[in-house]
2 protein chains.
Amino acid sequence: MSATIKDVAKLAGVAVSTVSYALNNSTKISEETKRKVLRAAEELCFRPSGAARNLKKRKSETIGLFLNDLGGPFYSQVIEGVQEVVASNGYNLIVCSTYGGENSSAHRFLREQFVDGAIIMGTAISDSLILQVASESFPIVVLDRALRGDYVHNVLITNEQGAYDAVSHLIKLGRSKIEFLSGPTVAFDNSLRFDGYKRALMEHNLPIPNKISMFGRFVEAGGYQAVKLMIASKQLPDAIFAANDEMAIGAIRALHESGIRVPEDVAIVGFDNINISPIIRPALTTISHSKYEMGAIATQLVFNARKHENEIILPTQLVVRQSCGYKDGLQETDYDAIVASILHVGGRKQN
Amino acid sequence: MSATIKDVAKLAGVAVSTVSYALNNSTKISEETKRKVLRAAEELCFRPSGAARNLKKRKSETIGLFLNDLGGPFYSQVIEGVQEVVASNGYNLIVCSTYGGENSSAHRFLREQFVDGAIIMGTAISDSLILQVASESFPIVVLDRALRGDYVHNVLITNEQGAYDAVSHLIKLGRSKIEFLSGPTVAFDNSLRFDGYKRALMEHNLPIPNKISMFGRFVEAGGYQAVKLMIASKQLPDAIFAANDEMAIGAIRALHESGIRVPEDVAIVGFDNINISPIIRPALTTISHSKYEMGAIATQLVFNARKHENEIILPTQLVVRQSCGYKDGLQETDYDAIVASILHVGGRKQN
DNA sequence: TTGAAAGCGCTAACAT
DNA sequence: ATGTTAGCGCTTTCAA
């Protein structure tokens with residue numbers, strides 16, 4: 001058993017309250033007593049119990065960031081933004097996975113009031129749970145859906161407009177049979193991107209397919225499988241707008257495997273501009289947005305928690321690379337910038 | 001104020017212990033009472049206080065993983081290995097950054113007994129702190145240094161042999177003036193890699209430079225700057241063995257900027273086989289090791305904590321790519337595998 | 001400036 | 001099967 005504050009008090013010959021004050025740098029303790037306490041604490045290897053302190057103070061000074069996949073290519077910049085703002089507020093950050101359903105760490109922490117606020121990205125946490133647990137003492141910011149409720153805030157991106165820009169780009173390059181490579185239809189991001197896709201087709205007087213023929217999860221294998229199926233059905237479009245970059249990369253893999261050229265035969269645009277998108281071949285044309293800002297702003301919102309819901313929408317931007325056949329090749333200078341950005345030289349990452 | 005177990009007891013008309021038992025699925029509670037309690041809890045939106053439970057039970061069923069850089073390219077596979085084993089033991093995992101010195105979240109969690117065990121990777125946590133806090137009730141596994149002490153275990157890799165293999169490879173390809181691009185000299189990994197480098201030179205009767213001329217931190221910019229300096233001094237070697245891949249990539253960037261060809265003029269080998277190493281151009285020849293295993297084994301060690309120190313050493317393997325001029329080009333099939341591995345299709349990642 | 005004591009919300013031993 | 005109660009280790013009010 002490790003020493004408690006009581007043991008320290010006994011050894012130092014003072015009351016427990018005195019030890020508490022001394023250890024927390026209260027001004028009302030004399031220098032001499034403080035030294036005495038510190039020496040006793042040192043001698044006993046005293047380590048305060050966070051659980052006891054949290055219980056008493058009814059807060060943990062910790063913010064939780066809950067993600068689907070801790071190691072995923074998408075999140076690292078978001079995490080940095082969050083980390084920086086949390087630290088500058090003198091708080092702790094814990095990152096944990098939402099993987100595992102009801103028994104995931106994320107669910108447990110959310111339910112058990114372990115953290116004083118949460119940033120959630122990942123559909124594994126249900127809307128109803130979020131609305132249930134959000135409160136004045138527990139603000140929540142959600143990054144991947146529009147969820148309205150007291151003490152629930154949103155940071156979103158211009159999904160619809162981004163998708164519109166992506167598809168318009170394809171149309172400008174002369175493509176006319178453009179398929180949407182869809183993520184899960186329940187995903188909020190996905191449906192807005194689908195809306196933007198339809199609007200672009202409509203405004204350019206192109207027929208809107210009455211059903212999406214390609215589905216998948218938001219992962220590389222999802223894009224791969226969907227496109228494999230499409231190839232088997234021999235109904236290839238001349239362009240694909242993928243709901244995210246991972247799927248786009250899977251699509252490229254599937255096309256390559258069948259000897260179909262990208263962009264010559266089929267052009268591809270993705271969404272998100274993840275770190276390897278500039279590096280794959282052909283480098284992926286995509287819709288970029290600032291993930292660092294997203295994390296930083298979300299965290300600000302947690303600290304400035306107000307009851308009334310707040311919705312912040314960040315802009316997106318088309319990044320033209322090779323997968324639509326616009327540029328001829330990857331320049332060395334581009335290449336260096338890309339590698340640097342992945343390894344995030346220096347402090348804050350660029351988008 | 002949110003409801004406590006007392007409120008639930010009152011509403012349900014039972015004792016607090018009954019509520020506690022009911023909520024924890026004790027068998028000694030009748031079905032009817034249980035239902036009554038559950039209904040009352042629901043009605044009050046009761047959420048148990050983790051802090052109170054942890055205080056009482058004197059454990060949190062949580063393992064902490066402490067890393068230098070949450071978003072870094074190196075860690076994602078380690079995290080997966082840890083995550084999987086932690087979850088399979090029914091525990092929670094929190095990942096947090098060691099960034100910020102004494103006031104970092106990692107330091108606070110380590111000191112305040114928030115977690116029941118820790119896996120540490122990153123020099124920001126001092127040896128003395130680790131030795132101080134490690135105990136039977138708080139085992140620690142360290143991944144990047146050999147640290148001996150009770151309840152402190154190590155998972156390491158064959159750093160020296162890996163470096164030896166890397167440098168021997170360069171020598172076999174006919175290179176003779178081989179520089180070591182060093183990371184921080186205080187880093188344990190770095191010094192072992194330096195040892196392996198020297199042994200390879202010695203065994204092949206090549207002169208060992210009496211000082212390292214290139215230093216840097218373990219980041220891309222460190223490699224870049226060191227090589228820039230070396231170029232300025234006009235003392236170029238015909239090969240560079242970098243202490244890690246990030247530095248190797250920085251070295252390549254610096255060489256490219258000066259029009260020096262890799263591998264024709266200068267061959268490069270790295271260490272770690274991070275996810276973008278196969279993708280940069282030229283694809284990086286490097287020393288690979290299994291990061292997933294590292295995380296998984298480390299976590300096993302936390303759960304099987306025994307007093308006597310345990311040291312596990314994982315093997316490394318040379319992966320030949322383009323940066324030493326061995327292979328002529330990147331094959332399409334390689335390329336697909338690479339992209340898949342970065343996006344980690346499916347569950348467990350390959351090395 | 002220091003001490004005594006109440007209690008944060010829960011678990012679990014013990015009593016019924 | 002359910003109730004009573006004593007703490008877990010700390011902070012903080014109040015008294016001295």
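Just so it is clear: chains get the letters A, B, ... in the order the sequence lines come, proteins before strands, and each one is counted from 1. Since we're looking at a predicted model, the values are computed, not measured.
Within the nucleic acid shown, B/K28 comes within 4.0 Å of at least one base atom, counting heavy atoms only. When heavy atoms are screened at a 4.0 angstrom cut-off, A/N54 is found touching no nucleic acid atom at all. Counting non-hydrogen atoms under 4.0 angstrom, B/L55 reaches a base of the nucleic acid. Looking at heavy-atom distances under 4.0 Å, A/S20 makes contact with a base. Here B/S17 lies in heavy-atom contact (under 4.0 Å) with a base.
Residue B/R47 has no polar side-chain atom (N or O) positioned under 4.0 Å from OP1 or OP2 of C/dG9. For D/dT2, one of the phosphate oxygens OP1 or OP2 lies less than 4.0 angstrom from a side-chain nitrogen or oxygen of B/S30.
Other residues, nucleotides and ligands place no more than 12 heavy atoms under 6.0 Å from the CD atom of B/E136.
Positionally, the nearest nucleotide of DNA chain C for A/I29 lies more toward the 5' end than for the other of A/I29 and A/V16. Mapped onto DNA chain D by nearest heavy atom, B/V14 and B/K57 fall at different nucleotides, with B/V14 at the one closer to the 5' end.
With D/dT13, D/dG7, D/dG3 as the choices, the nucleotide that has an atom nearest any side-chain atom of A/Y21 turns out to be D/dT13.
B/R35 places its CZ atom 14 Å from the P atom of D/dA1, with the value rounded to the nearest Å.
For the pair B/Y91 and B/T62, the tightest heavy-atom approach, listed with the atom from each and the gap, is CD2-N, 3.5 Å.
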